[in-house]
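Note sheet for the following structure.
The shown structure was predicted, so the numbers you read here are calculated from the model rather than taken from an experiment. Residues: numbered from 1 along the sequence shown.
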Amino acid sequence: MSNQTPSSSFPSTQRDLSNLKQTATDAVSDIASSVGDHASKAKGQLKKLAGHAQEEGTEQLDQVKGQLCSVLSAARDYVSERPLASIGVALVVGFLFGLARRTTSRS
């Protein structure tokens with residue numbers, strides 16, 4: 001047997017292992033860079049989506065506010081045109097709520 005170490009016996013294998021290690025290190029570095037880029041892009045798209053959702057929500061809220069104002073205006077007009085009928089309706093509705101509350105509190 002000779003006095004050669006395993007690493008000196010197989011120099012091409014050592015080079016191949018070294019190249020493989022460098023390739024793996026480069027691949028990991030590329031993956032980390034790629035993941036960072038994709039995460040940054042996804043974050044930007046998510047911010048854009050949130051902005052669009054907020055704009056649409058604001059528009060819908062404005063529409064609902066407008067519809068509510070028109071309903072309240074119509075109710076105000078009805079009450080001002082028919083005050084006695086409005087008082088009668090309010091009394092009947094209050095009476096019905098009172099009856100409903102009394103029957104649920106006894107159960």
Side-chain donor-acceptor pairs under 3.5 Å in residues 39-68, sequence neighbours left out?
unit_1 : atom_1 : unit_2 : atom_2 : d
Thr58  : OG1    : Gln54  : O      : 2.8

Is the backbone N or O of Lys21 less than 3.5 Å from a side-chain atom of Thr25, with the two atoms forming a donor-acceptor pair by type?
yes
One should read off an interatomic distance between Leu20 CG and Thr13 OG1, to the nearest 0.5 angstrom, of 12.0 Å
Name each donor-acceptor pair under 3.5 Å that joins a side chain in residues 81-98 to protein atoms two or more places apart or in another chain, with its distance.
unit_1 : atom_1 : unit_2 : atom_2 : d
Ser86  : OG     : Arg82  : O      : 2.8

Residues which pass side chain to side chain donor-acceptor pair (under 3.5 Å) with Asp30, listed by chain and number, not counting sequence neighbours
none
Would you confirm whether Ser18, through its side chain, and Gln14, through its main-chain N or O, come within 3.5 Å as a donor-acceptor pair?
no
